[in-house]
Undergrad: 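One structure coming up, written as structure tokens, with questions to follow.
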Amino acid sequence: MQKIIGLKKNGDNSIYYVANNGEYKVGDKVVVDMDDFLSVATVVRDDVNLKEQVDDVNKIVRLASDADEKKYIELQGKAKTHIPAIKKKSLELGLMMKFVSAEFSLDNSKIMIVFSSEERVDFRQLLKDLATLLKTRIKLKQVGQRDEVKMMGGVGPCGEPCCCARFLKGFEHVTVKMAKVQGLSLSPTKINGVCGRLMCCLGYESEMYEKILAKMPKINSEVVCPNGKGTVVYNDILRERVSVKRQTESDSIVVEDFDLCEIEGFGDGKKKEKHEEKPQNDKKDKPFKKENRENKKPETKNEPEVIELGLKQGEKKENNFKNNHKKKFHKNNKNKPQ
């Protein structure tokens with residue numbers, strides 16, 4: 001089984017994961033080759049799972065000796081002295097660049113300059129000018145604002161060190177919707193971090209908030225609470241309590257807090273059943289219509305009897321007509337001579 005360890009360089013809060021091709025332990029100083037750039041790093045993790053992302057470009061060369069550590073510190077101090085000259089050259093060329101760090105390779109063969117910029121920078125001319133000034137090979141690396149804070153570190157609005165510099169391995173997608181779900185202020189000063197982007201911690205509890213809100217009533221919706229009907233004005237997501245505004249018998253308006261289980265149709269998994277029964281309760285005319293139809297049914301059953309009675313009456317009329325006809329015939333017969 002391949003072993004993986006995490007390394008951290010001096011002045012860089014990012015953790016680099018490499019394959020452990022030897023028996024290196026936490027706290028060991030090692031010389032690591034990062035994309036043909038030699039640096040001295042410290043082992044900070046040795047219990048990394050195989051699921052961690054490993055960069056094949058980064059390889060451990062050997063254990064760092066005291067001479068390697070001393071030389072590396074001297075070269076880093078030398079690189080920092082070149083940053084003011086590098087900034088001056090970039091301003092002369094009109095380039096909007098913010099230089100984060102400068103680092104010499106352990107063999108003093110090249111210098112890597114890390115910078116950040118909101119726009120894409122054409123630094124070809126700057127590269128030529130710096131080569132003549134520093135008289136060494138130069139490698140320019142552009143990073144984003146979040147990567148800048150991850151490398152340099154900082155303190156967030158919460159008073160704790162930035163998550164990206166402390167334990168995050170990568171940056172996840174964060175949206176304003178996550179702040180809305182949690183009921184946070186949408187002011188940029190409240191939800192933005194040191195880097196100027198949305199804080200990474202917005203995504204930590206977003207999924208839990210969405211699950212709880214799915215079973216709570218919506219704001220401005222009418223609900224039935226133990227004291228009567230009212231309108232929802234606030235949802236306390238963490239405590240799962242609902243603030244309901246209702247009108248009392250004395251025409252005064254009060255706002256009361258109830259547990260979610262005390263609201264009719266919510267908290268017990270009956271939210272769907274309530275919506276199914278609601279249209280039946282709203283249509284109050286239906287039961288009356290059904291009763292009327294039931295009352296009309298016996299009338300339809302009596303219709304054949306009415307028809308039969310009509311026939312009997314008709315028969316009587318016909319018989320009367322015959323009798324009357326006979327009587328007339330007899331009268332006529334009386335007039336006839338015998």
Side-chain angles (χ1 to χ4, degrees), residues 145-146 149 154-168 171-292:
Q145 292 181 336
R146 287 188 171 184
V149 176
V155 179
C158 58
E160 294 288 333
C162 295
C163 299
C164 56
R166 188 169 43 166
F167 61 86
L168 286 183
F171 298 103
E172 297 183 358
H173 186 59
V174 185
T175 61
V176 180
K177 182 182 177 182
M178 295 179 179
K180 290 182 179 179
V181 170
Q182 300 176 42
L184 300 176
S185 173
L186 300 183
S187 174
T189 58
K190 299 293 184 180
I191 60 177
N192 286 355
V194 180
C195 59
R197 299 288 187 263
L198 293 174
M199 293 187 294
C200 299
C201 57
L202 293 176
Y204 295 166
E205 301 175 353
S206 178
E207 185 178 355
M208 183 198 69
Y209 274 85
E210 290 178 357
K211 288 181 180 180
I212 297 176
L213 277 177
K215 59 182 182 181
M216 296 188 77
K218 295 182 178 180
I219 303 296
N220 297 328
S221 63
E222 292 186 358
V223 295
V224 179
C225 56
N227 297 337
K229 293 184 179 180
T231 305
V232 179
V233 294
Y234 178 73
N235 285 327
D236 191 342
I237 303 173
L238 295 179
R239 297 191 299 167
E240 295 190 13
R241 292 179 62 84
V242 182
S243 298
V244 181
K245 179 179 69 174
R246 66 182 188 86
Q247 189 173 3
T248 61
E249 295 179 355
S250 59
D251 292 338
S252 61
I253 297 175
V254 295
V255 178
E256 300 172 325
D257 292 341
F258 300 96
D259 290 331
L260 184 61
C261 59
E262 295 178 348
I263 304 299
E264 184 177 337
F266 294 90
D268 297 329
K270 298 180 181 180
K271 188 174 181 179
K272 293 183 180 179
E273 296 178 5
K274 183 182 178 183
H275 288 295
E276 292 175 358
E277 296 175 1
K278 189 174 180 181
Q280 294 180 3
N281 296 332
D282 290 343
K283 297 180 180 180
K284 297 182 180 178
D285 297 337
K286 280 191 174 181
F288 293 102
K289 289 182 180 179
K290 288 183 179 178
E291 292 178 3
N292 294 334

Undergrad: For a quick test of reading the model, state the closest non-hydrogen atom pair linking Ile263 to Phe258 and the distance between them.
TA: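 Heavy atoms of Ile263 and Phe258 come nearest at CD1-CB, 4.0 Å.
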Undergrad: Rounded to the nearest 0.5 Å, how far does CD of Glu172 lie from OG of Ser206?
TA: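 Ser206 atom OG to Glu172 atom CD measures 11.0 Å (nearest 0.5 Å).
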Undergrad: Compare every heavy atom of Thr248 with every heavy atom of Ser252, then report the nearest pair and how far apart it is.
TA: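 What the structure gives for the nearest pair is OG-OG1, 2.5 Å.
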Undergrad: Rounded to the nearest 0.5 Å, what's the gap from NZ on Lys211 to CD1 on Ile237? Could you check?
TA: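 Result: 14.5 Å between the selected atoms.
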Undergrad: Is there side-chain contact between Leu184 and Lys190, with heavy atoms separated by less than 4.5 Å?
TA: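 Heavy-atom side-chain distance check fails, nothing below 4.5 Å.
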Undergrad: Any idea which heavy atoms bring Val149 and Cys195 closest together, and the distance?
TA: CG2-CB, 3.6 Å
Undergrad: Distance check, rounded to the nearest 0.5 Å: Asp236 atom CG versus Leu260 atom CG?
TA: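 The distance works out to 11.0 Å.
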Undergrad: A side-chain contact here means heavy atoms from C-beta on lying under 4.5 Å apart; do Lys245 and Ile253 qualify?
TA: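 Yes, close enough: below the 4.5 Å cut-off.
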Undergrad: Give the intermediate values and the outcome of side chain to side chain contact (heavy atoms under 4.5 Å, CB included) for residues Leu198 and Val176.
TA: CA-CA 8 Å; Leu198 293 174; Val176 180; 4.2 Å; yes
Undergrad: Answer yes or no: is there a donor N or O on one side and an acceptor on the other, between the side chain of Asn235 and the main chain of Ile219, under 3.5 Å?
TA: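 Judged by distance alone, no pair lies under 3.5 Å.
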Undergrad: How far does CD of Gln145 sit from CZ of Arg197, to the nearest 0.5 angstrom?
TA: 4.0 Å
Undergrad: Looking only at atom types and distance, does a side-chain atom of Arg241 sit under 3.5 Å from a main-chain N or O of Asp257, one as donor and one as acceptor?
TA: yes
Undergrad: What heavy-atom pair brings Pro161 and Arg166 nearest, and what distance separates the two atoms?
TA: O-NH2, 3.8 Å
Undergrad: Distance check, rounded to the nearest 0.5 Å: Thr175 atom OG1 versus Leu202 atom CG?
TA: 8.5 Å
Undergrad: For Pro157 and Asn192, work out which heavy atoms get closest and say how close.
TA: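 Smallest interatomic distance, heavy atoms only, reads CG-O, 4.1 Å.
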Undergrad: Between atom CE of Met199 and atom SG of Cys162, what is the distance when rounded to the nearest 0.5 Å?
TA: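 Taking CE in Met199 and SG in Cys162, the distance rounds to 10.5 Å.
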Undergrad: Has the side chain of Gln182 got a donor or acceptor atom that lies under 3.5 Å from a matching backbone atom of Glu205?
TA: no
Undergrad: Run the numbers on Glu262 and Val223 for side chain to side chain contact (heavy atoms under 4.5 Å, CB included), then give the verdict.
TA: CA-CA 11 Å; Glu262 295 178 348; Val223 295; over 6 Å; no
Undergrad: For Arg246, is the CZ atom crowded, meaning more than 12 foreign heavy atoms sit under 6.0 Å from it?
TA: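 More than 12 within 6.0 Å, yes.
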Undergrad: In a check of side-chain contact (heavy atoms from CB on, under 4.5 Å) between Glu256 and each of Asn227, Val242, Val244, which one passes?
TA: Asn227
Undergrad: For Val181 and Leu213, which heavy atoms make the closest approach, and how far apart are they?
TA: O-CD1, 3.5 Å
